[in-house]
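Accompanying notes for the structure given below.
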Amino acid sequence: MSPDERHTHGRLEALVTGVLAYPDGERLACQVELRYSADDPLVVRLVVPNGPARGGSWVLSRDLLSAGLTGAAGIGDVTVRPVAQENEPLGVEIEIRGDAHIGTPARFAMGHRALLTYLERSHALVPFGREADQGAMDRELELFLDEKDRPGEAGNT
């Protein structure tokens, strides 16, 4: 594991170098932090710290990121796709449209190998297709049902 990556107690964090591109043509190199937790196994958090780039934090589907490694993926506000440029290593572009943090669409570009390695390690924590086994959905449902059954709560007869 590289020194810029931490893996402790069901959590995986890594810093990767990326480029944040704005619609006005501004491009800023920045560190992008990827955060994954077995407690919330369906998502990866992408964090751009404040600094030279306009910081922000986004929650992205782990499956969407994985699909975007091999072809264009996503039909909503987030799309992911591999990008190849002449004389450059393969990369991945993540586009977020209608972003509440910065008010405009943002595009992140990062190394394909870095994202692939990160996602492989997240799948070692919680294998693909086993996310529901983590019990998070069951806990959420139990909390929801407990709240409905409390006296005086809405939905209680």
Which pair of heavy atoms, one from L15 and one from Q31, lies closest together, and at what distance?
CB-OE1, 3.6 Å

Please report the shortest heavy-atom distance between T70 and P82, naming the atom on each side.
C-CG, 4.0 Å

Return the orientation label for the W58 and F108 ring planes: parallel under 30°, perpendicular over 60°, tilted otherwise.
perpendicular

Please name the pair of heavy atoms, one in A72 and one in R81, separated by the smallest distance, quoted to 0.1 Å.
CA-CB, 3.8 Å

On a heavy-atom basis, the closest approach of R45 and D40 is NH2-OD2, 3.2 Å

Do V16 and V47 sit in one hydrophobic cluster, given that two such residues count as connected whenever their side-chain heavy atoms are within less than 4.5 Å of each other, even indirectly?
no

Decide yes or no on salt bridge (Lys or Arg N to Asp or Glu O under 4.0 Å) for R35 and E33, but give the supporting numbers first.
CA-CA 6 Å; R35 298 178 185 167; E33 185 174 352; 3.0 Å; yes

Distance from D63 atom CG to L119 atom CG, nearest 0.5 Å?
9.5 Å

Using only atom types and a distance under 3.5 Å, with no angle test, would you say the side chain of R97 pairs donor to acceptor with the backbone of G76?
yes

Distance check, rounded to the nearest 0.5 Å: L90 atom CG versus L115 atom CG?
10.5 Å

Could you please spell out the steps behind the salt bridge (Lys or Arg N to Asp or Glu O under 4.0 Å) verdict for R107 and E95?
CA-CA 4 Å; R107 285 190 332 241; E95 184 173 0; 5.6 Å; no

In one Ile/Leu/Val/Met/Phe/Trp/Tyr side-chain cluster, 4.5 Å: V78, V83:
no

Check whether any side-chain N or O of H112 sits under 3.5 Å from a backbone N or O of L69 as a donor-acceptor pair, and report yes or no.
yes

Evaluate whether atom CD of E88 has more than 12 neighbouring non-hydrogen atoms of other residues, nucleotides or ligands under 6.0 angstrom away.
yes

Do side-chain atoms of Y118 reach the backbone of Y36 as a donor and acceptor pair under 3.5 angstrom?
yes

Which pair of non-hydrogen atoms, one from M110 and one from I94, has the smallest distance, and what is that distance?
CE-CD1, 4.0 Å

Heavy-atom side-chain contact between V32 and T17 under 4.5 Å
no

Below 4.5 Å, heavy atoms only, C-beta onward: do V92 and V80 meet side chain to side chain?
yes

Nearest non-hydrogen partners of L60 and I96, listed with the distance:
CD2-CD1, 4.4 Å

Are the side chains of R62 and V126 in touch, meaning some heavy atoms are under 4.5 Å apart?
yes

Could you state the interatomic distance from CG (L125) to CZ (R121), rounded to the nearest 0.5 Å?
10.5 Å

